[in-house]
There are 2 protein chains.
Amino acid sequence: MPKRKAGDNKPTRSPTMADIARIAGVSAATVSRALAGLPPITEETRQRVAQAAKEAGYAVNRHARSLRLKRSKVMLVLIPNLANPNFPDLLMHIDRAAYDCGYDIMIAHTAIDPHRSDRYVDELLAGGLDGVLLTADYCPPKLLERISAGARLPIVRTLSPTPAPNGISGVQIDEEKAAYDVVNHLVTQGHRRIAHLGGPPKEIVAIARKRGWEKALADHGLDAGPDLYIPAGFLIDDGRRAGNELGEHAALPDAIFCSNDESAYGLMAGLKKRGLRVPHDIAVAGFDDLSFSAVLDPPLTTVRLPRQEMAEKSVWKLRALIEEDAPNDITILKHELLIRSSSLRS
Amino acid sequence: MPKRKAGDNKPTRSPTMADIARIAGVSAATVSRALAGLPPITEETRQRVAQAAKEAGYAVNRHARSLRLKRSKVMLVLIPNLANPNFPDLLMHIDRAAYDCGYDIMIAHTAIDPHRSDRYVDELLAGGLDGVLLTADYCPPKLLERISAGARLPIVRTLSPTPAPNGISGVQIDEEKAAYDVVNHLVTQGHRRIAHLGGPPKEIVAIARKRGWEKALADHGLDAGPDLYIPAGFLIDDGRRAGNELGEHAALPDAIFCSNDESAYGLMAGLKKRGLRVPHDIAVAGFDDLSFSAVLDPPLTTVRLPRQEMAEKSVWKLRALIEEDAPNDITILKHELLIRSSSLRS
DNA sequence: GTGAAAGCGCTAACAT
DNA sequence: ATGTTAGCGCTTTCAC
């Protein structure tokens with residue numbers, strides 16, 4: 001093996017545009033135009049350049065291009081935590097949609113280092129990144145600061161609703177209405193004492209879903225008394241804990257609307273361990289439609305989030321923001337109530 | 001709002017190193033050194049530069065830096081498919097470990113466009129990317145080609161084993177031995193007719209796990225006859241289909257070792273629907289230790305993959321390959337058999 | 001239709 | 001200890 005200095009992992013220096021130019025017997029400028037498919041080039045020259053590039057295994061250097069163009073064709077995706085199965089699914093669709101638009105994605109999860117996402121805002125400003133996709137209600141402080149200072153940056157939020165049109169575009173569903181629909185369905189099944197297993201009390205999604213529950217009960221003249229609101233969280237264990245304690249301090253409810261599918265999994269496991277049957281003794285519904293919800297025993301009634309559509313629409317919106325300076329706006333997508341046996345009158 | 005041309009989303013051009021130099025009253029080179037913390041700089045100058053950079057909201061332009069350094073501080077992660085919960089978990093740890101080493105990650109899932117991963121190999125060669133992390137046995141054809149041509153590239157594979165030291169480093173477990181351990185455990189529980197629900201017949205992981213099953217049976221003088229091998233796949237539905245048909249053409253086995261947790265979920269659902277109880281009528285074990293496996297009813301006996309360690313070790317290995325031209329090698333990590341009630345003699 | 005040349009923002013030799 | 005300068009690889013006026 002030929003001797004190489006440390007860190008020099010490339011077998012030979014890879015070809016640059018100048019190399020291709022030399023091979024094809026043209027100038028670098030012509031290569032650039034030919035490869036980009038720009039107008040004033042003979043078909044014959046284009047062929048020759050393409051051929052030379054292919055044979056030499058040429059690929060443009062993204063950094064040189066980005067530096068020149070001041071556009072990187074990279075979208076940053078900020079994800080809180082991949083442990084919630086909503087995110088991987090969303091991310092997969094984001095990746096696909098971005099690639100189809102000619103973008104690559106960088107990802108960073110925000111749950112751990114609070115400093116980290118601010119760094120990316122600086123990079124966005126410095127031109128290293130073209131735009132940022134937020135996939136939760138978290139927003140880097142620095143970004144908030146810039147926006148209130150009047151900056152218009154290419155940022156789109158999805159999955160979690162943006163409370164008001166505040167300078168960040170959004171692609172979301174009507175969380176409150178969806179929750180309302182679930183509770184309404186439980187009422188039509190004849191349930192009267194309908195409890196709510198609440199999510200983290202500060203998360204916007206959790207607040208909206210709780211409000212939907214309250215509203216539906218009120219519209220049906222039912223009570224949402226304090227013993228029916230069960231504070232919990234979005235995790236399986238939050239649900240399980242609730243399932244273990246349910247009915248200890250008050251009568252059992254007829255049905256429980258859980259703020260998400262994961263907490264519903266835990267709740268059902270907890271109830272089952274105590275010998276309570278779903279839906280015979282108690283009906284359960286969730287929210288999110290994770291893929292496991294359909295194979296659960298019993299299958300879980302839930303709300304389908306249009307994750308693919310959310311991913312695609314937010315990528316497209318972000319691209320429009322980047323490339324066309326489109327206005328900031330919020331898109332509301334349709335949700336769907338999936339009625340499965342966990343909530344059906346037995 | 002001031003008039004701006006289309007695509008100009010930045011409120012004002014963000015500061016460059018030259019701007020900071022002017023503000024701090026030094027040269028650009030000094031700014032570069034001060035910010036990088038390089039030796040020959042007065043503490044006082046460093047302070048002044050840091051201050052100026054902070055006030056101006058300065059961030060280095062990553063493309064300019066990468067172009068100059070021929071090093072991008074970006075690792076590409078090639079993921080087949082985020083739908084298998086192994087990957088999100090792995091990815092999360094990769095992100096964290098990479099960030100701690102000063103790298104960002106770009107991700108691309110490979111399951112759809114076969115052309116795509118080859119493009120990244122070109123980019124790697126062209127210096128746009130520092131290294132690639134493969135998280136399955138898939139390897140871009142172009143990469144294989146380069147390697148057999150003698151190229152040494154910064155590539156690490158994890159999660160799936162690399163069959164032989166062939167120019168790609170790896171971080172993996174001994175899949176065959178782990179499968180052996182599971183089957184061995186089933187034997188100690190008194191089971192004799194132990195079936196195997198096989199994964200995709202061409203995937204290296206599936207092949208290794210099957211071999212472990214065969215070996216364990218052979219070592220115990222048990223039969224691995226053809227009616228005990230059930231060809232399936234890695235998906236829930238593959239397992240469910242098998243569960244629905246099990247015992248139709250032959251006697252029911254005592255136990256089933258599934259090639260992964262997901263197919264075990266489906267299998268258990270299928271068996272349950274037919275009134276067969278796990279583990280009372282039939283014992284079940286899986287492989288992967290997905291987070292749902294512990295909350296299943298009954299909780300699933302499985303093999304824990306050290307995903308966090310895999311993620312960290314592979315990032316570190318990749319960094320060594322990039323920065324120190326380290327030799328290619330394979331690291332084998334310890335696995336762990338998690339015995340839960342799905343496999344215990346009732 | 002094609003080439004020459006400038007310059008994107010940064011870092012590292014080399015000078016002072 | 002700091003400044004000057006060159007150049008990384010690309011795209012794009014501007015000439016021809």
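Chain naming here is simple, since letters A, B, ... match the order of the sequence lines and numbering starts at 1 in each. The figures that follow rest on heavy atoms only: side chains count, while hydrogens, waters and symmetry mates do not.
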T110(A) meets the side chain to side chain donor-acceptor pair (under 3.5 Å) criterion, sequence neighbours left out, with none
Once base and sugar-phosphate atoms are separated, protein heavy atoms under 4.0 Å mark nucleotides 8-16 of chain C, 5' to 3', with B, S and - as BBBBBB---
>> Using only atom types and a distance under 3.5 Å, with no angle test, would you say the side chain of S169(B) pairs donor to acceptor with the backbone of D329(B)?
In response: yes
With T135(A) as partner, the option from I79(A), N81(A), L78(A) fulfilling side-chain contact (heavy atoms from CB on, under 4.5 Å) is I79(A)
On a heavy-atom basis, the closest approach of R157(B) and Y138(B) is NH1-O, 3.9 Å
Notebook entry, point to check: NA contact type, S66(B), heavy-atom cut-off 4.0 Å: base, sugar-phosphate, or nothing?
Noted result: nothing
Those residues at least two apart in sequence (or on a different chain) that pass side-chain contact (heavy atoms from CB on, under 4.5 Å) with R62(B) are M106(A), R119(A), Y120(A), E123(A), L129(A), V74(B), D104(B)
Checking E55(A), K54(A), Q47(A) against Q51(A) for side-chain hydrogen bond (donor to acceptor under 3.5 Å, both in side chains), the one that qualifies is E55(A)
As a check of understanding: the bend across the helix from dG1(C)-dC16(D) to dT16(C)-dA1(D), end axes from five pairs, rounded to 10 degrees, works out to 40°
| message | For H93(B), is there any backbone N or O sitting under 3.5 Å from a side-chain donor or acceptor partner on E312(B)? | response | no
> Taking side chain as C-beta onward, heavy atoms only, is P154(B) less than 4.5 Å from V132(B)?
Replying inline: no
* **Derivation of the side chain to side chain contact (heavy atoms under 4.5 Å, CB included) call for V171(A) and L333(A)** => CA-CA 7 Å; V171(A) 177; L333(A) 302 179; 3.8 Å; yes
Outer limits of DNA chain D sitting under 4.0 Å from a non-hydrogen atom of chain A, read 5' to 3', are dG9(D) to dT13(D)
Sorted by chain and residue number, the salt bridge (charged side-chain N to carboxylate O under 4.0 Å, His left out) partners of R116(B) (sequence neighbours excluded) come out as D95(A)
